[in-house]
Participant: 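Once you've had a glance at the structure underneath, I'll fire off some questions.
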Amino acid sequence: MRMEPAPAPLSKVARIEAILALIPAGKVVSYGQVADLAGLPGRARLVGKVLRETDKVLPWHRVLGASGTISLPKGSTGFALQTGRLQQEGVPVIGGRVKMREWQWQPDLAELLFLIPF
């Protein structure tokens, strides 16, 4: 019996991008949560770096600070754009903050097992 070689493991960047692509509209996550789901605990800053540097179209506006705050400077174009996109998806943003208890994406076991490609 001939065995196929195992596929090469995804890079850290590819793992983060895969998680970002799964965040559903109307839900938000923290940078740290993305890192945890990508199997990279403690690498929240890497998530931010990937979001800044990627050329892929990803739902960057759904990623917030751990307390639900928009991480871009208040009054900036990016802050207004992120606020607007979240509100278009039905996520209330009050004072630059989203209530994580109500709007945080919590993938269920099926999502973790079947949608995450690693």
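These numbers come from a predicted model, not from an experiment.
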Participant: Hey, could you give me the CZ/CG distance between Arg15 and Leu10, rounded to the nearest 0.5 Å?
Facilitator: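 Rounded to the nearest 0.5 Å, the CZ-CG separation comes out at 7.5 Å.
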Participant: Could you list all the salt bridge (charged side-chain N to carboxylate O under 4.0 Å, His left out) pairs where at least one residue sits in residues 104-118, not counting sequence neighbours?
Facilitator: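 Residue pairs passing salt bridge (charged side-chain N to carboxylate O under 4.0 Å, His left out), neighbours aside: none found.
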Participant: Residues two or more places apart in sequence or in another chain: which of them pass side chain to side chain donor-acceptor pair (under 3.5 Å) with Gln87?
Facilitator: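 For Gln87, no residue satisfies side chain to side chain donor-acceptor pair (under 3.5 Å) once neighbours in sequence are set aside.
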Participant: Identify, with sequence neighbours excluded, every residue that meets side chain to side chain contact (heavy atoms under 4.5 Å, CB included) alongside Arg45.
Facilitator: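 Not a single residue meets the side chain to side chain contact (heavy atoms under 4.5 Å, CB included) criterion with Arg45.
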Participant: Tell me which pairs pass salt bridge (charged side-chain N to carboxylate O under 4.0 Å, His left out) where either residue lies in residues 65-81, with sequence neighbours left out.
Facilitator: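 Qualifying pairs, neighbours excluded: none.
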Participant: Run the side-chain contact (heavy atoms from CB on, under 4.5 Å) test on Met100 and Leu64 for me, step by step, so that the C-alpha distance in whole Å, both residues' side-chain angles and the decisive distance to 0.1 Å come before the verdict.
Facilitator: CA-CA 9 Å; Met100 294 296 273; Leu64 304 170; 4.1 Å; yes
Participant: Hey, any chance Ile94 and Trp103 share a hydrophobic cluster, counting ILVMFWY side chains that come within less than 4.5 Å of each other, even indirectly?
Facilitator: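 The answer is no; the residues belong to distinct hydrophobic clusters.
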Participant: Is it true that a side-chain atom of Thr83 and a backbone atom of Phe79 form a donor plus acceptor pair closer than 3.5 Å?
Facilitator: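 Answer holds: yes.
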Participant: Cut-off 3.5 Å, no hydrogens considered: what does the side-chain donor-acceptor table look like for residues 27-40, sequence neighbours left out?
Facilitator:
from	atom 1	to	atom 2	distance (Å)
Ser30	OG	Gln33	N	3.0
Gln33	OE1	Gln104	NE2	2.7
Gln33	NE2	Trp105	O	2.6

Participant: If only atom types and distance count, is the side chain of Thr54 paired as donor or acceptor with the main-chain N or O of Leu51 below 3.5 Å?
Facilitator: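 No, Thr54 side chain to Leu51 backbone: no donor-acceptor pair under 3.5 Å.
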Participant: Applying salt bridge (charged side-chain N to carboxylate O under 4.0 Å, His left out) as the test, list every pair that has at least one member in residues 54-68; sequence neighbours left out.
Facilitator: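 Checked against salt bridge (charged side-chain N to carboxylate O under 4.0 Å, His left out) - neighbours excluded - the pairs reaching residues 54-68 are Glu17-Lys56, Arg62-Glu89.
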Participant: Could you state the interatomic distance from CD1 (Ile23) to CH2 (Trp60), rounded to the nearest 0.5 Å?
Facilitator: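 So the gap between those two atoms works out to 12.5 Å.
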Participant: Is there a continuous path of hydrophobic side-chain contacts, each under 4.5 Å between heavy atoms, that joins Phe118 to Leu112?
Facilitator: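 Yes, because Phe118 and Leu112 connect within a single hydrophobic cluster, where side-chain heavy atoms sit under 4.5 Å apart.
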Participant: Grab the two heavy atoms, one from Gln82 and one from Leu72, that are nearest each other, plus how far apart they are.
Facilitator: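 Taking every non-hydrogen atom into account, OE1-CD1, 3.7 Å.
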Participant: Arg85 versus Leu81: any side-chain heavy-atom pair under 4.5 Å?
Facilitator: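 Of all side-chain heavy-atom pairs linking Leu81 with Arg85, at least one is under 4.5 Å.
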Participant: In Å, rounded to the nearest 0.5 Å, how long is the span from NZ of Lys49 to NZ of Lys12?
Facilitator: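 NZ of Lys12 is found 10.5 Å from NZ of Lys49.
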